[in-house]
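In this chain, residues are counted from 1 in sequence order.
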Amino acid sequence: MKEIMKTKVSIKVFIAIILLAFSSPVFAVEEYVSDIYKQIDLVFAKKSESGLSEILHNNQNDRFYYLIENYTEKKIRRLIVASEYDFALAATEIVIENNLDNERAVEMYSTIVDSYEVQKEYERLEEEKRQKELERIEKQKESKRASVDKQYVSTKTAGGGSVYVSGRDIKSSSSAWKAGLGVASVGFLTEQESGVNARNYGVGLNATYERLLDKISIGGDASLDFKFVDLGSGDSKIPLMLDYEILPKIGFPKFFRNLFVRAGFTRVKTGKKSDSVATEKVIGDFFSPVLGLQVEDFAIGAVELTANYNYYLGHLFYNDITSAMEASANLAIPFKNIDQVKLTLNIGVKDKIFLKENGLENRANIILAIGAENGNK
């Protein structure tokens, strides 16, 4: 029994000696590889291509090279996860150069290239978005700057910059124009002595131009009204009515921004049937110098009101006319902007009054027109 026990103890001692003999080299190998791992960590931290190439090349024939290679691939994969593709590609190339049979490295290289292309495309699109946003912001700044330039008077500094010194009480553009097409002009003519009540339909045209000088604004208005459709009945039928006017004007915008004084001429011509006794009292042809006042583009919200009063001096040259005048008003309602042009819907009324020795002649108009004007006035 004692012999058996001695034999078992001897076997255990022998096995322990064997394990102890082999354990020393294993621990030595682990320590050696661990040192190389630390060197690789340092190389990846510095992103040194030459350092990684030197480590792999110096240990290329080592029997534990596969461990060094695997650890390097592990570090590369971490770079891929962090989207650090530049050094990941370079490190993979170094791995392949030192071991052309490493299929994993070749596959990894292909994956990195694909991911890198996706990343670059993403970065390109993001840069485009950033540039477009910068352009949008710059355009917005330019738009606001233009708006400020319209509202304020500026002066140049010594350095070439602009300083805004006061609000702008005058129009921002040096010139302004308006034009209108009266698509419907309905006239109502009444002559008190003869009892004529005529109704006529036609079209009209009008135009305005103004230019701002140093302290004054000059310009002119022109209009034409042509009625060619007779809507009357009986002796009140008048087949044709025509009137036009040309009125230069002057304003002092620093004192009265919307007020103009006008002076020019007008003509009223009426076509009458030769066999109509009733219309004999209706004025056939009236030509007159004009003096007038105009309140132009008086803002009522987005709507602009223009009102006119004209006195016809020509009545002094007609025996049967003791006084003549005209009053008119127009509402311009904007509905669309096209570049620098503003389109408006115009609703106007006009009334010409002729005081005669034996009564009154009244010519009233209702006008519907489409207008256009420069939008930056």
In this structure, are over 12 heavy atoms from other groups packed under 6.0 Å from [X] atom [atom1]?
X	atom1	value
Glu103	CD	no
Phe287	CZ	yes
Glu107	CD	no
Phe228	CZ	yes
Phe255	CZ	no

Just by distance, with hydrogens left out, do [X] and [Y] show a side-chain donor and acceptor under 3.5 Å apart?
X	Y	result
Glu127	Gln131	yes
Tyr109	Glu93	yes
Glu191	Ser194	yes
Thr190	Asn362	no
Asp41	Tyr71	yes
Glu69	Asn102	yes
Lys120	Tyr85	no
Asn374	Gln340	no
Arg363	Thr270	yes

[X] side-chain N/O to [Y] backbone N/O, donor-acceptor pair under 3.5 Å:
X	Y	value
Gln192	Gly359	no
Asn258	Asp297	yes
His315	Thr322	yes
Lys141	Arg136	no
Ser53	Glu49	no
Gln60	Asn98	yes
Asn200	Ile238	yes
Ser288	Gly314	yes

Would you call [X] and [Y] a salt bridge, taking side-chain N to carboxylate O under 4.0 Å as the test?
X	Y	answer
Lys269	Asp285	yes
Glu121	Arg124	yes
Asp221	Lys249	yes
Lys178	Glu210	no

Open item on the list: Taking side-chain contact (heavy atoms from CB on, under 4.5 Å) as the criterion, tell me which of Leu189, Asp230, Asn365, Asp225 meets it with Met241.
Closed with: Leu189
Is any side-chain heavy atom of [X] closer than 4.5 Å to a side-chain heavy atom of [Y]?
X	Y	value
Val295	Leu293	no
Ile40	Ile55	yes
Asn310	Leu291	no
Phe87	Leu79	yes
Leu242	Val268	no

Task: Nearest heavy-atom neighbours spanning Asn319 and Glu357 - done: O-OE2, 3.1 Å
TODO: Kindly determine whether Glu133 and Arg130 satisfy salt bridge (charged side-chain N to carboxylate O under 4.0 Å, His left out), including the steps that lead there.
DONE: CA-CA 5 Å; Glu133 180 64 15; Arg130 190 181 71 84; over 6 Å; no
Task: Ring center gap for Phe354 and Tyr318 short of 6.0 angstrom - done: no
Open item on the list: Is there a salt bridge (charged side-chain N to carboxylate O under 4.0 Å, His left out) between Glu73 and Arg104? Walk through the geometry before answering.
Closed with: CA-CA 9 Å; Glu73 292 172 6; Arg104 295 189 312 277; 3.0 Å; yes
TODO: Output, in order, the C-alpha distance, side-chain angles, deciding distance and verdict of salt bridge (charged side-chain N to carboxylate O under 4.0 Å, His left out) for Lys47 and Glu84.
DONE: CA-CA 10 Å; Lys47 292 183 172 55; Glu84 298 181 16; 3.0 Å; yes
